[in-house]
Amino acid sequence: MNTSTTLGVGTLPMSATQDVSGAGPVNIELTATQATVGSAQIPNAKMTVRNVNIFYGEKQAIYDVNVDIGKNQVIAMIGPSGCGKSTFLRSLNRMNDTIDSCRVEGDIRIDDENLYSPKLDVVELRARVGMVFQKPNPFPKSIYDNVAYGPKIHGLADTRVDLDEMVERSLRKAGLWDEVKDRLFQAGTGLSGGQQQRLCIARAIAVSPEVILMDEPCSALDPIATARIEELIEELSQNFTIAIVTHSMQQAARVSQRTAYFHLGRLIEVNPTEQVFTNPEHSLTESYITGRFG
Amino acid sequence: MHATDLFFLLVGLTVLAFYMGRGKASQIAQGLGGIRNLHSLPSYYGHYTALYCGFPALLLLCAWSIFEGPVIIGMVMDSLPSDLRPSGSVEYKLLANKISNISLGILPTINQPDALITAAETLQRYSQLSRWSMTALVSSIALLGLMWARSMIVAELRARQRVETAVRYALFACACVAIFTTLGIVLSVLFESLQFFKSVPVADFIFGLEWSPQMAIRADQVGSSGSFGAVPLFVGTLLVSVVAMFVAVPIGLMSAIYLAEYAHKSVRAYAKPALEILAGIPTVVYGFFAALTVAPFLRNVGESYGLSVSSESALAAGLVMGVMIIPFISSLADDVITAVPQAMRDGSLAMGATHSETVRRVVIPAALPGIVAGIMLAISRAIGETMIVVMASGLAANMTFNPLDSVTTVTVQIVTLLTGDQEFDSAKTLAAFALGLMLFLITLILNIIALQVVKRFREQYE
Ligand SMILES: Nc1ncnc2c1ncn2[C@@H]1O[C@H](COP(=O)(O)OP(=O)(O)OP(=O)(O)O)[C@@H](O)[C@H]1O
Ligand SMILES: [Mg+2]
C-alpha cells in the first residue's frame with residue numbers, strides 16, 4: 001500500500017471528523033499518512049491505478065489514488081459533490097484528453113497494458129472501456145442510429161439484420177425497447193431525460209465493451225427505470241467489469257461488490273460494499289454514509 | 001426657429017422632463033419612506049414624463065415639416081392672378097419652383113412679372129409665419145405635456161406598465177418601417193415591371209432564348225425591336241454561381257472544420273481573422289484580379305490542352321467569386337460547429353470513434369442547419385454579385401452551359417441597361433426592373449427553401 005506522506009494534516013476538514021458519534025476523538029493518524037484504508041488492491045484486477053494525480057491547470061483534482069478494479073465486478077464510487085469522482089472515472093478511458101487543461105500523472109493499466117503509453121491506441125481503448133456520462137448526451141440522430149453508432153464504426157455488424165438485432169438487444173437490456181420500438185427512426189434527442197439516459201446506456205453496451213464506466217447513470221431516472229438499470233448492471237457484471245459513480249448509497253449497496261469512498265480528491269477507503277455500509281473503517285466514510293455531511 | 005433646431009430643443013426638453021419626473025417620484029418616495037412604496041422604480045416615472053413631453057410635440061413637428069411646404073405653396077398659388085395660374089401638374093411644379101427660387105434669391109428679380117415677385121414675397125411671409133407658429137406650438141405642447149405628466153405622478157401611478165406599452169408600440173413602429181420599406185421597393189419594382197410587360201409579353205421574357213435589348217431610337221432603323229428573352233441571363237447567372245459554389249462550399253467548409261476542430265488555439269486566433277479579411281477585399285479588386293490574372297491564365301492553360309477558352313469566361317468569374325465567398329461559408333460554419341456541445345463529441349469519442357469519425361458523423365450533422373443556412377446565404381451573395389462578373393465574364397448573352405465560354409448575368413445586364421443615357425420609359429430601361437423582380441423572386445424562393453431545410457433538420461434533431 002502506498003504511504004507517501006507529502007500532505008499536511010490541515011488539508012482534510014477536521015470539523016467533519018470531529019463530531020462523529022460518541023466514539024470519542026476520531027483517529028487522526030490516517031489523515032497524516034494519507035494512505036487509503038481497506039483493501040484497495042486485490043488479486044485478479046482488470047484495471048490497476050497507481051499513484052495517480054490529476055490536475056486541471058494548476059489546480060489538483062485527484063491526489064495520489066491507488067486502487068484496483070476487479071474483473072467482472074462492480075465497483076461503486078461514492079463521495080460528496082466535487083470530490084473528483086467524475087474526473088477519476090474519466091481518466092480510466094482517457095476521456096480527460098479532451099479537456100485541454102487536464103493533466104494526468106501516474107500509472108493506469110488495463111490487463112497490464114499502460115493506458116498512457118505511446119503504443120496504446122486511444123480509439124481501441126475507448127472501444128474496450130465504454131462510458132455513460134453524467135448528463136445524457138444522445139447524438140442528434142434517430143434512436144436507431146444512436147444505438148447503431150458504435151457497431152457501425154467498429155464494423156461489428158455485417159448485415160442489416162445483424163445490426164437490427166444488436167440495436168434491439170441493446171435497447172432491451174437498457175429497458176427502453178418497449179417505449180421506443182414504434183419510433184426507432186425518430187430523433188433520440190426527442191426523448192425524455194430519463195429515456196435519453198437509457199438510450200446512452202444502450203449505445204454504450206451495444207459495442208460490448210470489457211469495462212463500462214457509468215457516471216451517475218440513474219440520476220435522471222424514476223425508480224422503475226432505475227431498478228431496470230440496476231438489474232442490467234447486475235446482469236452485465238457477470239461478463240463485464242463495471243465502475244459506477246453514484247450519489248445513492250442504496251444503489252451502491254445494491255449493485256456493487258466493492259465501494260470506494262472519495263473525499264476532496266483523495267481516495268479514503270476501499271472495501272467490500274457490505275463492510276463499507278455496515279462497518280466503515282474510516283471515520284470520514286462513516287460520517288458520509290450516516291449522512292453527517294456530503 | 002428652424003425645424004432641426006426645434007428638434008434639438010425638444011430633445012433637451014425631453015431629457016429635462018426625464019429628470020423632473022424622476023426627481024418628483026424620488027421626492028414622493030422619500031416622503032413615504034422608501035422607493036418600495038412607489039408602484040414603479042423612479043426612472044420609470046422619468047420615462048413616463050419624458051414620453052408625454054417629447055412624443056406629441058415630436059409628432060406635431062414631423063407633421064408640420066411634412067405638410068408645411070405644400071400647404072404654403074398651395075396658398076401662394078391661390079393668390080396668383082388667374083392668367084398666371086398653371087394649367088397642369090407639370091407646370092404647377094415648375095411655377096412653384098420658380099417662385100420659391102425667387103424668394104430664396106436664387107433667381108434674380110429683374111425681368112420677372114410683378115405678380116410672381118409679389119407671390120415670392122407672400123411665400124416668404126407665410127414661411128416665416130409658419131416657422132414662428134410651429135416653434136410656439138411645438139414647444140408649448142412639449143411644456144404642457146411635461147407639466148401634465150409631472151402633475152399626474154403619484155405613488156400609485158402604474159408608470160412601469162405605461163412605459164412598457166409605449167416601448168412595445170415604438171418597437172412595433174420600427175418593425176413597420178422596415179416592412180413597409182421592403183414592400184415599397186417591391187411594389188415599385190413590380191409596377192415598373194408591369195409597365196415593361198405591357199410592351200414585352202411575360203412569356204417571351206421568361207421563356208425567350210434570345211437577349212439583345214438594343215432598341216432603335218427611330219422606328220425605321222435596322223433591328224428596331226430588341227428581344228428580351230431572359231433565359232440566357234439566368235443560365236449565365238446559374239453557371240457562374242455553380243462554379244463559385246463548387247469552389248466556395250468545399251473549401252469554406254473544410255477550413256471551417258479545420259479551424260473549429262483541429263486547429264490549435266493559437267493558429268485559430270490568427271487564421272480566422274485572416275480568412276475573414278477575404279470578405280473585406282472590395283469586389284472591384286476581385287474583379288480585376290479575375291479579368292487580368294485568372295482569365296488569361298485559364299486561357300493559356302486551356303490552349304495548352306487544345307481547348308478554346310474565351311478571354312472572358314464564366315469559369316474565371318466563378319472561380320474568383322468562389323474565393324470571395326469562402327469567408328461567408330467558413331465563418332458561419334465555424335461558428336455553428338464550435339457551438340456544438342462538447343458533450344456530443346465526448347459521447348462519440350467515448351464510443352471509440354476517431355476524431356474524424358466524430359466530426360463526420362456527429363458534429364457536422366448537428367451543425368447542419370447552420371451550415372445549410374450559411375451556404376444559402378452564400379448562394380444569394382453569388383447570384384447578386386455584379387462587379388466580378390462585369391469584368392471577368394463578359395457581356396455576351398450566350399445561351400451556353402460551357403463554363404469556358406463568356407456569359408453574362410442578370411446583374412450585369414441590369415448595370416449595362418441603366419448606365420449611360422436613357423429614356424425612363426423605354427422597354428430597354430424597364431427591362432432592368434423586370435430582371436430585378438425576377439432576381440428578387442429567385443432569392444426569395446432560395447431563402448424560403450433554406451428556411452424550410454433548416455426547419456426540417458431542427459425538427460429532426462431537437
Ligand atoms: N473541466 C474542468 N476544468 C477545471 N476544473 C474542473 C473541470 N472539471 C472538474 N473540475 C474540478 O475538479 C473537481 C472535481 O470535479 P468532478 O466533476 O470530478 O467532481 P464529482 O465528484 O464528479 O462531483 P459531482 O458529484 O457533483 O458530479 C471539482 O473541484 C471541479 O471544480
Ligand atoms: Mg460528477
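Protein chains get the first letters and strands the later ones, always in sequence-line order, with residue 1 at the start of each.
Counting non-hydrogen atoms of neighbouring residues, nucleotides and ligands closer than 6.0 angstrom, the CZ atom of A:R183 exceeds 12 such neighbours. Enclosure of atom CZ in B:F289 is not indicated, since only 12 or fewer non-hydrogen atoms of other residues, nucleotides or ligands lie within 6.0 angstrom. Summarising the local packing, NZ of B:K272 is surrounded by more than 12 heavy atoms from other residues, nucleotides or ligands at distances under 6.0 Å. For CZ of B:F401, the number of neighbouring non-hydrogen atoms (other residues, nucleotides, ligands) closer than 6.0 Å is 12 at most. The neighbour count for A:M166 CE, taken as heavy atoms of other residues, nucleotides or ligands under 6.0 Å away, is above 12. The number of heavy atoms from other shown groups lying within 6.0 Å of CG (B:L444) is above 12.
Taken from OG1 in B:T354 to CG in A:D121, the straight-line distance is 10.0 Å, to the nearest 0.5 Å. With values rounded to the nearest 0.5 angstrom, A:R126 atom CZ is found 8.5 Å from B:D346 atom CG. The CE atom of B:M344 sits 7.5 Å away from the OG1 atom of A:T189 when rounded to the nearest 0.5 Å. Here B:E357 contributes atom CD and A:H154 contributes atom NE2; the two are 7.5 Å apart, rounded to the nearest 0.5 Å. Atom CZ of residue A:F139 and atom OG1 of residue B:T358 lie 7.5 Å apart, to the nearest 0.5 angstrom.
Between A:T98 and B:R345 the shortest side-chain heavy-atom distance does not fall below 4.5 Å. Residues A:D100 and B:K265 are in side-chain contact: their nearest non-hydrogen atoms beyond the backbone lie under 4.5 Å apart.
For A:P138, the part lying near chain B is the backbone, with the side chain staying farther off; criterion is any non-hydrogen pair under 4.5 Å. For chain B, the nearby parts of A:R203 are the backbone and the side chain; heavy atoms of each come within less than 4.5 Å. Interface remark: A:V122 contributes no atoms to any contact with chain B (heavy atom separation under 4.5 Å). Of the atoms belonging to A:V123, heavy atoms from both backbone and side chain fall under 4.5 Å from chain B.
Looking at every heavy atom in both residues, A:Y149 comes nearest to B:S348 through OH-OG, 2.6 Å. Heavy-atom minimum distance, A:N93 versus B:A350: ND2-CB, 4.3 Å.
Contact tally against chain B (heavy-atom pairs below 4.5 Å) for A:N137, A:V129, A:L125: the top residue is A:N137.
In this structure, the side chain of A:K141 engages the main chain of B:R361 through a donor-acceptor pair within 3.5 Å.
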